[in-house]
Amino acid sequence: MASVGNEVQNQIYEGMFSPEQKRLPVSFEDWEKAANNLLAKHSFDYVAGGAGSEETVHNNRDAFKRWQIVPRMLNDVGSRDLRVHLLGHTFPHPFMLAPIGLQSIIHPDGEVAVAKAAAKMGVPMIVSTVSSKPMEEISAAADGSPKWYQLYWNEDPEITASFLKRAERAGYTAIVITLDAPVTPWKERDLTNSYLPFMLGEGIGNYLTDPVFCKKLGCDPESDMKTTIDYWGQIFGNPKVTWDNLSFIREHTNLPILLKGILHPNDAKLALEYGVDGIIVSNHGGRQVDGSVAALDALPEIVAAVQNKVPILMDSGIRRGADVLKALALGATSVLIGRPYIYGLAVAGEEGVEQVLRQLAADIDLTLALCGKNSLSSIDRSLLRRK
Ligand SMILES: Cc1cc2nc3c(=O)[nH]c(=O)nc-3n(C[C@H](O)[C@H](O)[C@H](O)COP(=O)(O)O)c2cc1C
Ligand SMILES: CCCCCCC(=O)C(=O)O
C-alpha cells in the first residue's frame, strides 16, 4: 500500500519552518501568480490563455464546483492505496503529465527538467510532438520511467511514420493521438501579443532531428532556419484526416493507441469501433473551442457509452486533489495535469515541477482519507452529490 500524504505533508511542513529551504508556492493560484511574475508576458499568456473569450477555460473550473464530495466516516483509512492499473502497467499516483509543447519558452531546460522530476515521482509523462527538445533526449532524462508519446498528425505520412518509429525505439510505451487541433485555434492573447512561437523556431525539436524531415528539407535544418520553419509550416498538421486514417497509425506502431480530445459520446463509440486502446476526455484546457462543454461535464456520458471496454482518462481543469477524486468518482481511471506543472517549471525548473507533483500527491492522499476511503478503487459516483 502506498501512503504518501502524511509523509509528504511532513516534508512540506518541515520546509515551511526551515530557513535554508527555498519557499515555494503551495496553492495553484500562487504558483500561477509566481509564474506570471517571472515569465515574459507573451510566454505566460501563451500558457494561461484559451480560445476566444476563454469561456471554456472557466467552464472547466466551474464544472468541478457543480460536484460536491460527501465524505464517509469510520472506515479505517490508516493506510491508503493510490495505485492505478493502466494498459498493463501499475503507476503510483492517479495522475500523469499532459503533453505540453514548446516548454523551452518557459524554462531553458524545458521537457528535460520535467522528465527528471516526473521520473523521481514515478509519474508518467506524455511528450508532445511539438516538444522543444527531441523525444530521445527527453526519454534519456526520464531514465527508464514510464512515458507516452503524443502525436500530431503531419500532412506528410512518411514523417508521421518516422515519429512513430522513433517513439517506439526511444522507449515510449503508448501513443496518444491528439484529435482536437486540426487547425490553429483563435487565441486572442497570442494574436494581441503577436506571438506565434513556431514562427520563431520554437517547438520543432523533433523535426530538426528527424532523418525523413531533414532529407525532404534538403538542407541542414539549423543552418537555414527560415527555410526550415517554412517547410515545417507546410507539413505540420493535417485537417483532412478522418477516422479511417487511424489504420495508418495502427500499421506503423505496435504500441497501444489512445485518442485525446474526445468530448462526444458518439465519438467515444466510434473510437471503440476503430479499436483504440484508451480515450482521453479533454478540451485541451479550453484552448481550442470557445464556449465548449467542460471536460468534466462530458465525462459521465462518455463513461456510459464506453462501458468499461477501454480505460478513460480526463484532463482540463485539474488543479487539486479533490478535483482528481471527483474525476475518478465519475469514471476516469486516471487524470492528466497540464498548466499546474508548467507553472512549477516556470518558477523553479525541475525542483518546481517536483514540488507541484508532491503537493498534488499529498493532497490526493489526504483528501482520500478524509473522504473515508482507503483506495482509489473504492471510489465511485456515490462519493458525489450534484449541486
Ligand atoms: C502551453 C500548452 C501547450 C500545450 N501543448 C499541447 C500539445 O503539444 N499537445 C497536446 O495534445 N496538448 C497540448 N496542450 C493541452 C494539454 O495536453 C492539456 O489537455 C491541457 O493543458 C489540460 O488543461 P489544464 O492545463 O487547464 O489542466 C497544451 C496545453 C498548454 C497549456
Ligand atoms: C495547430 C495546433 C498547434 C498546437 C501547438 C501546441 C498546443 O497543443 C497548444 O499550444 O495548445
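The aromatic rings of His42 and Tyr195 are tilted relative to each other, their planes meeting at an angle between 30° and 60°.
Side-chain contact between Ile106 and Val47 is present, with heavy atoms from C-beta onward closer than 4.5 Å. Side-chain contact between Ile249 and Leu151 is present, with heavy atoms from C-beta onward closer than 4.5 Å. Within the 4.5 Å cutoff, no side-chain heavy atoms of Ile279 are placed close to those of Leu313. Using a 4.5 Å heavy-atom threshold, the side chains of Leu82 and Leu376 count as touching. Looking at heavy atoms from C-beta onward, Pro134 lies out of side-chain contact with Leu208 at the 4.5 angstrom threshold.
Here the straight-line distance linking atom CD1 of Ile175 with atom OG1 of Thr253 works out to 4.5 Å at 0.5 Å rounding. To the nearest 0.5 Å, atom CD of residue Glu351 and atom CG of residue Leu24 are 5.5 Å apart. Interatomic distance, Ser334 OG to His85 NE2, rounded to the nearest 0.5 Å: 11.5 Å. Taken to the nearest 0.5 Å, the NZ atom of Lys373 stands 5.0 Å off from the OG atom of Ser378. Once rounded to the nearest 0.5 Å, the distance linking CD1 of Ile257 with CG of Leu87 reads 11.5 Å.
Counted by atom type alone, Ser131 and Asn206 present one or more donor-acceptor pairs between their side chains at under 3.5 Å. With hydrogens and angles left out, the side-chain atoms of Ser162 and Asp210 include a donor and acceptor closer than 3.5 Å. Thr178 and Gln150 share a side-chain donor-acceptor pair at under 3.5 Å. When only modelled atom types and interatomic distance are considered, Ser145 and Asp143 share no side-chain donor-acceptor pair under 3.5 Å. No donor-acceptor contact under 3.5 angstrom links the side chains of Asn238 and Tyr152, judged on distance only. Between the side chains of Glu188 and Trp186, at least one donor N or O sits under 3.5 Å from an acceptor N or O. Judged by distance alone, the side chains of Asp76 and Asn374 never bring a donor and an acceptor atom under 3.5 Å apart.
For Glu301, the CD atom counts as loosely surrounded, since its 6.0 Å shell holds 12 or fewer non-hydrogen atoms of other residues, nucleotides or ligands. The environment of Asn37 atom CG is dense: over 12 non-hydrogen atoms of other residues, nucleotides or ligands sit within 6.0 angstrom.
Looking only at distances, a side-chain donor or acceptor of His264 sits under 3.5 Å from a matching main-chain atom of Asn266.
Within the cation-pi definition used here (under 6.0 Å to the ring centroid, within 45° of the axis), Lys41 does not qualify as a partner of Tyr46. Within the cation-pi definition used here (under 6.0 Å to the ring centroid, within 45° of the axis), Arg386 qualifies as a partner of Trp67.
Hydrophobic clustering (side-chain heavy atoms under 4.5 Å, transitive across Ile, Leu, Val, Met, Phe, Trp, Tyr) keeps Val112 apart from Ile100. Clustering ILVMFWY residues whenever any of their side-chain heavy atoms sit less than 4.5 angstrom apart, transitively, puts Met314 in a cluster other than the one holding Val289. When hydrophobic clusters are built by joining Ile, Leu, Val, Met, Phe, Trp and Tyr residues whose side-chain heavy atoms come closer than 4.5 Å, directly or via intermediates, Met199 is not grouped with Leu191. Linking Ile, Leu, Val, Met, Phe, Trp and Tyr whenever their side-chain heavy atoms come within less than 4.5 Å leaves Ile280 and Val57 in two separate clusters. Criterion: ILVMFWY side-chain heavy atoms under 4.5 Å apart, direct or through other members. Under it, Ile69 and Leu370 are not part of a common hydrophobic cluster.
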Where do Lys65 and Asp62 land on the salt bridge (charged side-chain N to carboxylate O under 4.0 Å, His left out) test, with the steps shown first? CA-CA 5 Å; Lys65 294 180 197 150; Asp62 290 346; 3.8 Å; yes
Mind running side chain to side chain contact (heavy atoms under 4.5 Å, CB included) on Cys371 and Leu383 for me, showing each step along the way? CA-CA 8 Å; Cys371 289; Leu383 184 70; 3.9 Å; yes
Given the rule in the side chain to side chain contact (heavy atoms under 4.5 Å, CB included) test, do Ile337 and Leu357 qualify, once you have shown the distances and angles that lead to the verdict? CA-CA 9 Å; Ile337 58 162; Leu357 303 186; 3.8 Å; yes
Run the salt bridge (charged side-chain N to carboxylate O under 4.0 Å, His left out) test on Asp180 and Lys260 for me, step by step, so that the C-alpha distance in whole Å, both residues' side-chain angles and the decisive distance to 0.1 Å come before the verdict. CA-CA 7 Å; Asp180 58 13; Lys260 175 171 181 277; 5.1 Å; no
Glu350 vs Lys120, test: salt bridge (charged side-chain N to carboxylate O under 4.0 Å, His left out). Steps then yes/no. CA-CA 10 Å; Glu350 179 185 336; Lys120 271 192 210 152; 2.9 Å; yes
Please step through side chain to side chain donor-acceptor pair (under 3.5 Å) for the pair Ser382 and Asp380, ending with a clear verdict. CA-CA 5 Å; Ser382 66; Asp380 59 23; 2.5 Å; yes
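Salt bridge status for Arg189 with Glu54: present, with a side-chain N to carboxylate O gap under 4.0 Å. Remark: Glu136 does not engage Arg169 in a salt bridge, criterion side-chain N to carboxylate O under 4.0 Å. Looking at Arg250 and Asp277, a side-chain N of the basic residue comes within less than 4.0 Å of a carboxylate O on the acidic one, giving a salt bridge. Ion pair Asp230/Lys226 flagged as a salt bridge, since at least one NZ, NE, NH1 or NH2 atom sits closer than 4.0 Å to an Asp/Glu carboxylate oxygen. Look at Lys133 and Glu111 and you find no salt bridge, because none of the NZ, NE, NH1 or NH2 atoms lies under 4.0 Å from a carboxylate O.
A salt bridge (Lys or Arg N to Asp or Glu O under 4.0 Å) with Glu29 is found for exactly one of Arg339, Arg319, Arg320, namely Arg320.
For Tyr207 and Phe163, the distance between ring centers is under 6.0 angstrom. The six-membered or imidazole ring of Trp148 lies away from that of Tyr172, with a centre-to-centre distance of 6.0 Å or more.
Scanning for salt bridge (Lys or Arg N to Asp or Glu O under 4.0 Å) contacts around Lys33 gives Asp30, with sequence neighbours left out. For Arg287, there are no side-chain hydrogen bond (donor to acceptor under 3.5 Å, both in side chains) partners at least two apart in sequence or on another chain.
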